[in-house]
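Quick notes on the structure that follows.
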Amino acid sequence: MRFTQLLIPTTKEAPSDAVLPSHIYLTRAGYIQSIGSGLYNFLPLGKRVLDNVRQVAKEELDKAGCQEVDLAFVTPASLWEESGRFEKYGKELLRFKDRKNNDFVLGPTHEEMMVNLVRQTVKSYKQLPINLYQIKTKFRDEIRPRFGLMRGREFLMKDGYSFAASEEDMKGDFDLMEQTYSRIFERLGLDYRIVEADSGAIGGSGSKEFMVIADSGEDTIVICDSCDYGANIEAAQRAVVCTEAEEPEISMSSKFKTEGVKTIEALSAFFHVDPYYLVKTVAMKALYDEGESKIVLFALRGSDKLEETKACNAVGANELTEASEEELLSEGLVPGFMGPHALPEGSTIVYDEGLREGKSLICGANETDYHFVGFDLRGVEAAYHDLVAVQAGDGCPRCSGKLKHTKGIEVGHIFQLGTQYSAPLHAEFLDENGKSKPFVMGTYGIGISRLLAAIIEQHHDDKGCIWTKASAPFAVHIIVSNIKKEEEREAGEKLYETLQSKGVQVLLDDRKERFGFKMKDFELIGIPLAVVIGRNLTEGKVEIVTRDGLVKEEIEAAEIVNEVLRRL
RNA sequence: CGGGGUGUGGCGCAGUCUGGCUAGCGUGCUACCUUGGGGUGGUAGAGGUCGCAGGUUCAAGUCCUGUCACUCCGACCA
């Protein structure tokens, strides 16, 4: 395509609210345009990249035997009522009524729709397994959209669903999708990591996330420095902690006056005891369906930190929020001196696994200015769950390596769903024995539009975008230095025609602009390879420039076509 | 939802505190000239209901009330 005919509104200045490189460069280079909170227009360049990413995903999925479908974006609320998510999904689900006053929602994900499709059309085990997907606009009315394409309200997502006759077959589908996703992200040129994940609201038994490693990522992931273990912090495990700290010598169990000592640090200093032997008690307010809530306590070693997602799962709550001081007092709890000892009647407390069989502990006495020394959990019946946030330096649960934290952008998430949706929606098939059984499902997502942002987060410099080969809007960018020089213009046109005839996607900058101006735009737009036709043409030479690293090389003009083809 | 901020030509901003005449600046845009390997220089132009509604005043971008939108931090979130 010719630059003069394309809508590529590049700008020198970034939008004032943009923070991330991907947001800044995609806007400045004319890929996207913000049109409202979390809403973006894709301009010609952006649309080309989006199509490329989509194409890579489609090719690999089709190769894996998945079938593409396209379900309605506007979906009847009745399906959502059937699955129970019409109420549960909350305000993220955009609801509205049609002229007949019927309820509808804009699809934020399509489990209900897909299950409905399959239960109406698939009746026999002979038709299984089947894997259906679509690449389609989704709408989630996010509380706080931000970071450009990273967290929009309207976005493009690939969502796939597998239906199998057995748990075992479903796991096969799941593994196949893991491999397929890996190929997709590899082809796109991304540095990513597959990590174990919390299943969140979607539910199911096992899930893995595909994380693009980038400092600007919103998720914290834990990875091992010597094996390939990786997990979202929400689900990360660690090797059993063995402390070298000396166990305090405690001969009796009793209350101890600890005036004004409210924090773990202060307590540790007060008793000269390692935090490992202190009990940290965290109170949270757990929210449940239909507005119900209660105060719950989580106990862990003073040396550990509470991971909220794990805590939330441990008590089966929808979410956890901070409990106010008044709420604690009304429950008979004493902020600053809470502990598992002498709890008020009816309190809910969950212990971290790390405290199992713990002894010689010091905890709050639930009395102002008092702690309890000699707390002992040996032989005590209690609820134990993994509650800790893995910290950098902890041991890997798989090998002898050390864990460290890094940031990642979630671009894919695969779930083993089981019968979580098929059972309540009565999506069943007949097995070999003529028995009715619910489908065993898996669900798989890729954030297609988010991938554009992820690619740039990982591939940019201080001048602009650096697209990977598979994602770039064009393969080659021809820069005619001075369009008014007839021989330069002609050489550019000829190269443009020749490359196009060989099927290469080419952008020809035929604008009447100065050289520097055009180079800046090339750097901003970020096509991987440029050919500069300029002053050395009189000596029969042109220049080839790689966007990554901006390496320049002089080439004989006669050889340029071959050289370009060689580098694609 | 809690706490801040901002709405003024396409974009980025000043002006508002302390009301006053044709609302400025940079950039972009149009035309012509100039320049031609790193966002040339110049001349002349086009382009604004100052977010919206109401109020105070002789007079409102500026003061008051309400409202909407956007945005940042937090909480939340395949």
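Residue numbering restarts at 1 for every chain, and letters A, B, ... go by the order of the sequence lines. The basis for the numbers below is simple: all heavy atoms, side chains too, and nothing from hydrogens, waters or symmetry mates. Given the structure is predicted, the values throughout are model-derived calculations rather than measurements.
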Check every atom of B:A78, B:U35, B:U71 against the side chain of A:F415 and return the nucleotide holding the closest atom. B:A78
If we take the C1' atom in both B:C11 and B:U6, what is their distance in whole Å? 16 Å
Taking everything shown except A:D215 itself, do over 12 heavy atoms lie less than 6.0 Å from its CG? no
Give A:R28 one of three labels, base, sugar-phosphate or nothing, depending on what nucleic acid heavy atoms sit under 4.0 Å from its own. base
Candidate nucleotides B:A78, B:C70, B:G39, ranked by approach to the side chain of A:K520 - the nearest: B:G39
5' precedence on RNA chain B between A:E209 and A:F515 (nearest-nucleotide basis): A:F515
When rounded to whole Å, the CD to P distance for the pair A:E554 and B:G37 reads 14 Å
Ignoring hydrogens and geometry beyond distance, is the side chain of A:R140 in donor-acceptor contact with the base of B:C77 at under 3.5 Å? no
Take atom CD1 of A:I24 and atom C1' of B:G12, then tell me their distance rounded to the nearest Å. 14 Å
Measuring only the P atom in each nucleotide, how far is B:A14 from B:C76? A whole number of Å is fine. 34 Å
Say you pick atom P in B:G61 and the same atom in B:G55; how far apart are they, in whole Å? 15 Å
B:G42 P sits how many Å from A:R514 CZ, rounded? 13 Å
Do the side chains of A:Y181 and A:E60 get nearer than 4.5 Å, heavy atoms only? no
Would you tell me if any nitrogen or oxygen in the side chain of A:S207 comes within less than 4.0 Å of OP1 or OP2 on B:A78? no
Check every strand shown and say whether A:E523 touches a base, only sugar-phosphate, or nothing at a heavy-atom separation below 4.0 Å. base
Rounded P spacing from B:G47 to B:U30 in Å: 16 Å
Around atom NZ of A:K136, are there more than 12 heavy atoms from other residues, nucleotides or ligands closer than 6.0 Å? yes
Give the rounded distance in Å between these two atoms: CD of A:Q420 and P of B:A78. 13 Å
Any strand counts, and the cut-off is 3.5 Å on both contacts for Watson-Crick or G-U wobble. Which nucleotide pairs with B:G7? B:C68
Take the angle between the ring planes of A:Y31 and A:W467 and call it parallel below 30°, perpendicular above 60°, tilted in between. tilted
For A:E218, report the nucleic acid contact type (base, sugar-phosphate, nothing); a contact means any heavy atom under 4.0 Å. nothing
What residues, two or more places apart in sequence or in another chain, satisfy side-chain hydrogen bond (donor to acceptor under 3.5 Å, both in side chains) together with A:N41? A:Q33
With the side chain defined as heavy atoms from C-beta on, A:R146 is closest, among B:A75, B:U35, B:A78, to B:A75
CD of A:E308 versus P of B:G74: gap in Å, rounded? 14 Å
Give a yes/no on whether any side-chain N or O of A:R144 is located under 4.0 angstrom from OP1 or OP2 of B:C76. no
Quiz question: going by heavy-atom distance under 3.5 Å, is there a donor-acceptor pair between the base of B:G37 and the side chain of A:E543? yes
For A:F522, answer base if it contacts any base atom (sugar-phosphate contacts may also be present), sugar-phosphate if it contacts only those atoms, and nothing otherwise; contact means non-hydrogen atoms under 4.0 Å. nothing
Quick note, A:I143 side chain, CB onward, closest among B:A78, B:C76, B:G38 is B:C76
Sugar-phosphate only, base, or nothing, as touched by A:I446 at under 4.0 Å among non-hydrogen atoms: base
Using the C1' atom on both, measure B:G15 against B:G74 and round to a whole Å. 33 Å
Give me the ring orientation class for A:H413 and A:F415: parallel if the planes are under 30° apart, tilted from 30 to 60°, perpendicular past 60°. parallel
Integer-rounded Å distance: B:G38 C1' and A:R547 CZ: 14 Å
For B:G61, the Watson-Crick or wobble partner whose two distances fall under 3.5 Å: none
State the pairing partner of B:C21; accept Watson-Crick or G-U wobble contacts with both distances under 3.5 Å, and report none otherwise. none
For A:R144 and A:E218, run salt bridge (charged side-chain N to carboxylate O under 4.0 Å, His left out): C-alpha distance rounded to whole Å, both residues' side-chain angles, the deciding distance at 0.1 Å, then the answer. CA-CA 13 Å; A:R144 191 176 161 208; A:E218 291 188 85; over 6 Å; no
Which whole number of Å gives the distance between the C1' atom of B:C68 and that of B:G54? 14 Å
Give A:D521 one of three labels, base, sugar-phosphate or nothing, depending on what nucleic acid heavy atoms sit under 4.0 Å from its own. base
Side-chain donor/acceptor contact of A:K552 with base of B:G38 under 3.5 Å: yes
Take the protein atom CG of A:L20 and the nucleotide atom P of B:C73, then report the distance between them rounded to whole Å. 10 Å
When rounded to the nearest Å, what value does the distance between C1' atoms of B:G66 and B:U56 take? 15 Å
Of A:G534 and A:S34, whose closest RNA chain B nucleotide lies nearer the 5' terminus? A:G534
Do A:R85 and A:Y421 meet the cation-pi criteria used here (NZ or CZ under 6.0 Å from the six-membered ring centre, within 45° of the axis)? no
Distance, rounded to the nearest Å, where A:F147 contributes CZ and B:C77 contributes C1': 13 Å
Considering only the C1' atoms, how many Å lie between B:G45 and B:G28, rounded to the nearest integer? 14 Å
Just call it for A:S481: base, sugar-phosphate, or nothing, with non-hydrogen atoms closer than 4.0 Å on any strand. base
